[in-house]
**Student:** 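Take a look at the following structure, please.
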Amino acid sequence: PGHVNAYSNRGLAFQMKGDYERALADYVVAIKLDPKDLPALIYRSQIHRQAGNYDLALADLDTAIRITPDDADLYHARGMLLYAQYMGASAWIRKSDLERAIADFSQMIRLEPKSGLGYYLRGKAHGTNGDRDRAIADLIEGSKLDPIHPGIRTTLKELKPDYEVPKMSVLELLKAP
């Protein structure tokens with residue numbers, strides 16, 4: 001196990017240089033040496049996602065979440081992967097991906113309840129799922145937590161054109177999260 005970090009770190013260096021084959025090879029070795037090596041699992045998931053191997057990327061994120069179930073960033077990453085996978089696939093095949101993405105964004109909110117990003121992402125997913133009321137409710141909550149997030153404001157205006165975005169002074173904007 002002493003070499004696990006060396007393989008993970010070298011894999012990351014290769015990945016940053018765009019040498020994905022060598023990065024992937026190092027991550028595979030790191031994970032064989034330590035199946036709970038989170039950096040290797042997460043970075044390998046990124047490479048799989050970039051290559052369009054969504055099932056392999058998802059498997060790595062599932063493993064990472066089993067190891068660290070209280071990490072909101074992992075739910076964010078998996079939720080985004082599922083949402084992207086749903087948006088790029090036939091709806092009848094991937095409806096469960098969208099529902100899993102919503103569940104991951106909900107878990108992200110439970111772990112970081114003051115993050116407007118979680119509400120924004122869940123709201124977008126609810127909107128895609130056809131649940132306009134839930135989408136609007138999440139976007140309104142997200143706008144309270146992150147009043148300057150452009151995606152929240154834009155999506156909220158699209159779904160609810162009559163919604164008045166609260167006006168904020170420059171000082172309030174500067175203090176916003």
**Student:** Could you see if Leu82 belongs to whatever hydrophobic cluster contains Leu56? Use Ile, Leu, Val, Met, Phe, Trp, Tyr and a side-chain cutoff under 4.5 Å.
**Tutor:**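 No, Leu82 does not connect to Leu56 through the hydrophobic network.
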
**Student:** Evaluate the side-chain contact (heavy atoms from CB on, under 4.5 Å) criterion for residues Glu112 and His76: first the C-alpha distance (whole Å), next the side-chain angles of each, then the deciding distance (0.1 Å), finally the verdict.
**Tutor:** CA-CA 11 Å; Glu112 292 183 0; His76 174 220; over 6 Å; no

**Student:** Give me the atom names and distance for the closest heavy-atom approach of Leu159 to Ala135.
**Tutor:**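 Residues Leu159 and Ala135, closest heavy atoms: CD1-CB, 3.7 Å.
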
**Student:** If only atom types and distance count, is the side chain of Thr63 paired as donor or acceptor with the main-chain N or O of Ala59 below 3.5 Å?
**Tutor:**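 Indeed, once roles are kept as given, a pair shorter than 3.5 Å links the two residues.
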
**Student:** Under 3.5 Å, side chain of Tyr163 to main-chain N/O of Ile136, donor-acceptor pair present?
**Tutor:**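 No, Tyr163 side chain to Ile136 backbone: no donor-acceptor pair under 3.5 Å.
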
**Student:** Would Leu156 and Ile140 count as a side-chain contact (heavy atoms from CB on, under 4.5 Å) if you check the C-alpha gap in whole Å, the side-chain angles of each, and the deciding distance to 0.1 Å?
**Tutor:** CA-CA 7 Å; Leu156 191 50; Ile140 289 172; 3.9 Å; yes

**Student:** Is any side-chain heavy atom of Tyr83 less than 4.5 Å from a side-chain heavy atom of Leu98?
**Tutor:**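 Yes. Closest side-chain heavy atoms under 4.5 Å.
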
**Student:** Can you give me the closest heavy-atom contact between Arg49 and Tyr54, atom names plus distance?
**Tutor:**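 Looking at all heavy atoms of both residues, the shortest contact is CG-CE2, 3.9 Å.
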
**Student:** Which heavy-atom pair separates Ala30 from Asp37 by the least distance, and what is that distance?
**Tutor:** CB-OD2, 3.5 Å

**Student:** Sequence neighbours excluded, which residues qualify as side chain to side chain donor-acceptor pair (under 3.5 Å) partners of Thr155?
**Tutor:**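 Side chain to side chain donor-acceptor pair (under 3.5 Å) list for Thr155, sorted by chain: empty.
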
**Student:** Return all side-chain donor-acceptor pairs below 3.5 angstrom for residues 14-24, not counting sequence neighbours, or 'none' if the list is empty.
**Tutor:**
{"residue": "Gln15", "atom": "OE1", "partner": "Tyr27", "partner atom": "OH", "Å": "2.7"}
{"residue": "Gln15", "atom": "NE2", "partner": "Gln46", "partner atom": "OE1", "Å": "3.2"}
{"residue": "Asp19", "atom": "OD1", "partner": "Arg22", "partner atom": "N", "Å": "3.4"}

**Student:** Where the side chain of Asn9 meets the backbone of Asn5, is there a donor-acceptor pair that is under 3.5 Å apart?
**Tutor:**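 Yes; judged by distance alone, with no hydrogens or angles, the pair exists.
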
**Student:** Between Lys124 and Asn129, does a side-chain contact (heavy atoms from CB on, under 4.5 Å) hold up when you go through it step by step?
**Tutor:** CA-CA 9 Å; Lys124 291 274 291 185; Asn129 204 23; over 6 Å; no

**Student:** Looking only at heavy atoms, which two atoms of Ala64 and Leu74 are closest? And how far apart?
**Tutor:** O-CD1, 3.6 Å

**Student:** Would Met80 end up clustered with Leu139 when hydrophobic side chains under 4.5 Å apart are linked, directly or stepwise?
**Tutor:**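 Yes: a chain of side-chain contacts under 4.5 Å links Met80 to Leu139.
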
**Student:** According to salt bridge (charged side-chain N to carboxylate O under 4.0 Å, His left out), who are the partners of Asp26, at least two apart in sequence or on a separate chain?
**Tutor:**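 Salt bridge (charged side-chain N to carboxylate O under 4.0 Å, His left out) check on Asp26 returns Arg10.
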
**Student:** Taking atom types as modelled, find out whether Tyr75 and Ser106 have a side-chain donor-acceptor pair closer than 3.5 angstrom.
**Tutor:**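 Distance-only check fails for Tyr75 and Ser106.
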
**Student:** For Asp131, enumerate each residue passing the salt bridge (charged side-chain N to carboxylate O under 4.0 Å, His left out) test, keeping only those at least two apart in sequence or located in another chain.
**Tutor:**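 Listed in chain order: Arg134.
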
**Student:** Salt bridge (charged side-chain N to carboxylate O under 4.0 Å, His left out) with Lys160: which residues, sequence neighbours excluded?
**Tutor:**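 Lys160 satisfies salt bridge (charged side-chain N to carboxylate O under 4.0 Å, His left out) with Asp162 once adjacent residues are dropped.
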
**Student:** For Arg44, what residues pass the salt bridge (charged side-chain N to carboxylate O under 4.0 Å, His left out) criterion, not counting sequence neighbours?
**Tutor:** Asp60

**Student:** CD1 of Ile152 to OH of Tyr119: how many Å apart, nearest 0.5 Å?
**Tutor:** 11.0 Å

**Student:** If you take all heavy atoms of Pro69 and Leu111, which pair is closest and at what distance?
**Tutor:**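 Between these two residues, the closest heavy atoms are O-CD1, 4.0 Å.
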
**Student:** When you group the ILVMFWY residues by side-chain heavy-atom contacts below 4.5 Å and let the links chain together, are Met108 and Ile65 in the same group?
**Tutor:** yes

**Student:** Are Ile67 and Ile31 joined in one hydrophobic group, where the rule is that I, L, V, M, F, W and Y side chains link up if heavy atoms are under 4.5 Å apart?
**Tutor:**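 Both belong to a single hydrophobic cluster.
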
**Student:** Are a donor atom and an acceptor atom from the side chains of Arg153 and Ser143 found within less than 3.5 Å of each other?
**Tutor:**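 No, Ser143 and Arg153 have no side-chain donor paired with an acceptor closer than 3.5 Å.
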
**Student:** Taking the ring of His149 and the ring of Tyr120, is the distance between their centroids below 6.0 Å?
**Tutor:** yes

